[in-house]
Amino acid sequence: MASRTLPPTIEWRDGDLLLLDQTRLPHEIVVENIADVQAVWRAIRELRVRGAPAIGVAAAYGLCIAMRASTALPIAQFRAELVRHAEYLETARPTAVNLSWGVRRMLRHSRDIDASDAATLYAALVDEATRIHEEDRALCEGIGEYGMPLITEGCGVLTHCNAGALATTGLGTATAPIYAAHRAGIAFRVYADETRPLLQGARLTAFELQQAGVDVTLIIDSAAASIMSQGLVDVVIVGTDRVAANGDFANKIGTLGLAIAAHHYGIPFYVACPSSTLDLQTPGGARIEIEERNAEEVTHLAGRRIAPEAMKARNPAFDVTPHALVSGFITERGIVRAPFERSLRSLFAAEGNAA
Ligand code: MRU
């Protein structure tokens, strides 16, 4: 993990699930020992654990938490309970496909296990969640390796939200090429959008890159186009919550505007996408469900009202960027370029979210 002084984003320790509370960062470091499946659901919903890959790993362990006190149940009842908890966990947030990917992979694995007792099946679930966790780290490494050549000596990189180490259990996705280039001794600078309204860029990306010694400058979201117009950005790298079969993708609100501005200024625009975030069953961006969050996140700042009383507000947490604005997807198997429908399918047809 790049943020060396921090505890891991997610840890499974002797049957307990420990989550680093990302709503308290960077000023407080609080690790929560998750008591039950409702607490997992709330931690995901309330963004204490957030970022698509981290949500997938947390949900996989979340199912283990859901089932850990049920190992004395008859096996059929254990299996029925598992399905019930899986359906519940999937409702925590709608946009990041990693949530349903993680939960469904756990269910598939449970069906493949021919266990005669619940304790055996529970142990198999813990093994599978641990594999999902380990694979997540490896996906980040792969994205770092393939994305690193996009970052050259003296260049400027712009990123949005936090697709960093905190959003995964490894080097991050959008930040993996950044960490790889930094390790390789390349000198470059990063602009981190603050990311209204919940400030994942200011609180998390700026923090973890600074901790790692990367040259990072925080900007307000609405400064991004201006910074691009000054020739300070050579490449934009963002993360994603879901990539549809045609290459349209959802990411934190504000990403679409960045892609349009990058296109205007002729700046390459890359999306870091582990295979766990690919959704080949969704044909295009119009079918991606966008989470609409509480209006108070817009009308209030740090708990204090800034908008007039009774002000109407919209708070879509994500937007969809059309594939035409994407230069390429940085995946763990290489950079995927247009035509995306064909190239994504040919590389990832066998993965869990494929049709
Ligand atoms: O609402 P969040 O903080 O979960 O949104 C996170 C993002 O939009 C990230 O860019 C995305 O999940 C990719 S994380 C590697």
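Start at 1 and go down the list; that is how both ligands and their atoms are numbered.
One finds the CG atom of L99 at 9.0 Å from the CZ atom of R104 (value rounded to the nearest 0.5 Å). With rounding to the nearest 0.5 angstrom, the CD1 atom of I288 is 7.0 Å from the OG1 atom of T240. Separation of atoms OG (S275) and CG (L347) is listed at 10.0 Å; rounding is to 0.5 Å.
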List ligand 1's nitrogen or oxygen atoms that come under 3.5 Å of a protein nitrogen or oxygen, with the partner atom and distance.
unit_1: ligand 1; atom_1: 1 (O); unit_2: R93; atom_2: NH2; d: 2.8
unit_1: ligand 1; atom_1: 1 (O); unit_2: K252; atom_2: NZ; d: 2.7
unit_1: ligand 1; atom_1: 3 (O); unit_2: R50; atom_2: NE; d: 2.8
unit_1: ligand 1; atom_1: 3 (O); unit_2: R50; atom_2: NH2; d: 3.2
unit_1: ligand 1; atom_1: 3 (O); unit_2: Q200; atom_2: NE2; d: 2.9
unit_1: ligand 1; atom_1: 4 (O); unit_2: G51; atom_2: N; d: 3.0
unit_1: ligand 1; atom_1: 4 (O); unit_2: R93; atom_2: NH1; d: 2.9
unit_1: ligand 1; atom_1: 8 (O); unit_2: D241; atom_2: OD1; d: 3.0
unit_1: ligand 1; atom_1: 8 (O); unit_2: N251; atom_2: OD1; d: 3.1
unit_1: ligand 1; atom_1: 8 (O); unit_2: K252; atom_2: N; d: 3.3
unit_1: ligand 1; atom_1: 10 (O); unit_2: N251; atom_2: OD1; d: 2.6
unit_1: ligand 1; atom_1: 12 (O); unit_2: A52; atom_2: N; d: 2.9
unit_1: ligand 1; atom_1: 12 (O); unit_2: D241; atom_2: OD1; d: 3.1
unit_1: ligand 1; atom_1: 12 (O); unit_2: D241; atom_2: OD2; d: 3.0

Requested in this report: Given ring-ring contact (aromatic ring centres under 6.0 Å, His included), test Y270 with F329 step by step and report yes or no.
Outcome: CA-CA 6 Å; Y270 285 91; F329 291 94; 9.3 Å; no
Query - Evaluation steps, salt bridge (charged side-chain N to carboxylate O under 4.0 Å, His left out), between R84 and E81 - result: CA-CA 5 Å; R84 193 171 65 79; E81 283 289 286; 3.0 Å; yes
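Proximity of the aromatic rings of F269 and H263 is defined here by a centroid distance below 6.0 angstrom, and this criterion is not met.
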